Amino acid sequence: MPRNPGRFITIEGIEGAGKSTCLAFVRDRLIQAGRAVLTTREPGGTPLGEELRALLLGHRQEGMGEDTELLLMFAARAEHLAQKILPALGQGTDVLCDRFTDATYAYQGAGRGIARERIAVMEAWVQKGMRPDLTLLLDLPVEQGLERAGRRSAADRFESETGRFFQAVRQGYLELAAAEPDRIKRIDASLPLAGVERQLAEVIDDFLKSPVSGLKPTSP
Ligand code: TMP
């Protein structure tokens with residue numbers, strides 16, 4: 001009997017939102033529900049994607065143009081989709097991804113100021129209408145996130161941005177969530193861990209009850 005297509009779930013949020021902890025929690029919940037799960041991340045997830053990630057996150061004396069940054073994000077994504085995400089979904093494995101295209105709208109769009117329409121062109125080109133089935137947006141005040149992130153290792157190229165940049169990124173994420181409330185679920189990540197996990201469990205359990213949508217081309 002053919003297996004159901006897997007579901008594509010993404011986790012988003014500004015730095016210090018607790019993505020790694022939440023990803024592990026969601027993965028365990030899916031596995032407990034009997035799902036096969038592949039966890040991965042963007043930018044990255046493939047050998048070439050990880051090399052692009054190093055270029056994107058590393059500090060460069062000469063800087064990096066906004067368009068270059070955008071194109072490299074989508075180059076890594078094209079590779080990730082072809083090599084890893086689509087094959088896994090096709091085999092009925094759920095894919096749980098730390099960031100995806102909502103991050104591009106939030107960081108390169110709201111943060112850097114690249115027009116939404118230009119990002120949409122890249123999205124249509126690379127994804128051909130494919131989008132996550134569910135996105136968990138871990139939302140918390142920028143100050144709280146940066147304070148948490150600051151306790152970790154040396155800041156990468158994005159983590160070195162200003163509070164103003166992250167305010168714009170957070171706002172960008174909230175606007176995406178408001179525009180697509182069925183797909184993007186806002187999680188209050190400012191709460192203690194138990195409170196965050198309670199919200200995640202509720203959203204995941206609801207999601208698992210919904211009919212499998214699998215790969216959803218939006219183009220006619
Ligand atoms: P992280 O996944 O370890 O948080 O780091 C990835 C960084 O890359 C993070 O600062 C957000 C940034 N990013 C973008 O700017 N655009 C994107 O499309 C993606 C996937 C990530």
Side-chain angles (χ1 to χ4, degrees), residues 8-24 26-27 39-46 48-60 63-81 83-85 95-116 118-127 130-132 135-140 142 144-176 184 187 189:
F8 185 32
I9 303 171
T10 59
I11 299 197
E12 299 280 358
I14 58 165
E15 337 307 277
K19 284 188 292 106
S20 307
T21 312
C22 291
L23 191 117
V26 171
R27 184 197 56 213
T39 55
T40 186
R41 69 172 179 182
E42 288 215 349
T46 64
L48 175 55
E50 291 294 327
E51 286 190 43
L52 292 170
R53 179 186 176 92
L55 290 174
L56 280 159
L57 268 56
H59 291 278
R60 309 185 66 78
M64 184 182 290
E66 288 161 7
D67 282 353
T68 311
E69 186 178 283
L70 176 71
L71 291 164
L72 288 177
M73 288 292 176
F74 273 106
R77 186 160 299 139
E79 194 67 12
H80 198 197
L81 278 165
Q83 302 298 334
K84 202 163 175 184
I85 297 176
V95 176
L96 181 56
C97 192
D98 183 340
R99 299 192 188 280
F100 196 64
T101 305
D102 294 306
T104 313
Y105 283 105
Y107 282 77
Q108 282 65 52
R112 300 275 191 238
I114 296 181
R116 208 195 137 69
R118 295 185 61 212
I119 299 174
V121 170
M122 298 300 303
E123 181 183 21
W125 183 10
V126 169
Q127 294 166 226
M130 189 272 193
R131 295 183 122 193
T135 297
L136 302 160
L137 171 58
L138 305 177
D139 181 55
L140 82 176
V142 169
Q144 196 182 345
L146 292 185
E147 215 260 315
R148 281 193 201 163
R151 291 196 211 123
R152 298 199 299 249
S153 54
D156 64 35
R157 204 168 60 81
F158 287 99
E159 289 166 343
S160 310
E161 283 293 341
T162 60
R164 212 164 136 219
F165 176 84
F166 288 110
Q167 294 289 1
V169 171
R170 181 188 185 198
Q171 198 51 42
Y173 270 135
L174 290 174
E175 283 167 18
L176 291 169
I184 306 180
I187 305 290

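Every number for a ligand or one of its atoms is a count from 1 in the order of the listing. Remember, predicted model here, so these are calculated numbers, not experimental data.
For the atom pair CD1 of I14 and CZ of F158, the computed distance is 14.5 Å after rounding to the nearest 0.5 Å. If you take CZ on F74 and CG on L52, they are separated by 13.5 Å, rounding to the nearest 0.5 Å. The structure places CE of M122 at 10.0 Å from CD of Q127, a figure rounded to the nearest 0.5 Å.
When atom types are taken as modelled, the side chain of R170 and the backbone of F165 share no donor-acceptor pair closer than 3.5 angstrom.
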Between ligand 1 and the protein, which N/O pairs are shorter than 3.5 Å?
residue, atom, partner, partner atom, Å
ligand 1, 2 (O), K19, NZ, 3.4
ligand 1, 2 (O), R99, NE, 3.1
ligand 1, 3 (O), R53, NH2, 2.9
ligand 1, 4 (O), K19, NZ, 3.3
ligand 1, 4 (O), R99, NE, 3.2
ligand 1, 4 (O), R99, NH2, 3.1
ligand 1, 10 (O), E15, OE1, 2.8
ligand 1, 15 (O), Q108, OE1, 3.4
ligand 1, 15 (O), Q108, NE2, 2.9
ligand 1, 16 (N), Q108, OE1, 2.8
ligand 1, 18 (O), R77, NH2, 3.1
ligand 1, 18 (O), T104, N, 3.3
ligand 1, 18 (O), T104, OG1, 2.6

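The shortest distance between side-chain heavy atoms of R118 and D67 falls below 4.5 Å.
Residues satisfying the salt bridge (Lys or Arg N to Asp or Glu O under 4.0 Å) criterion with R112, sequence neighbours excluded, are E69, E161.
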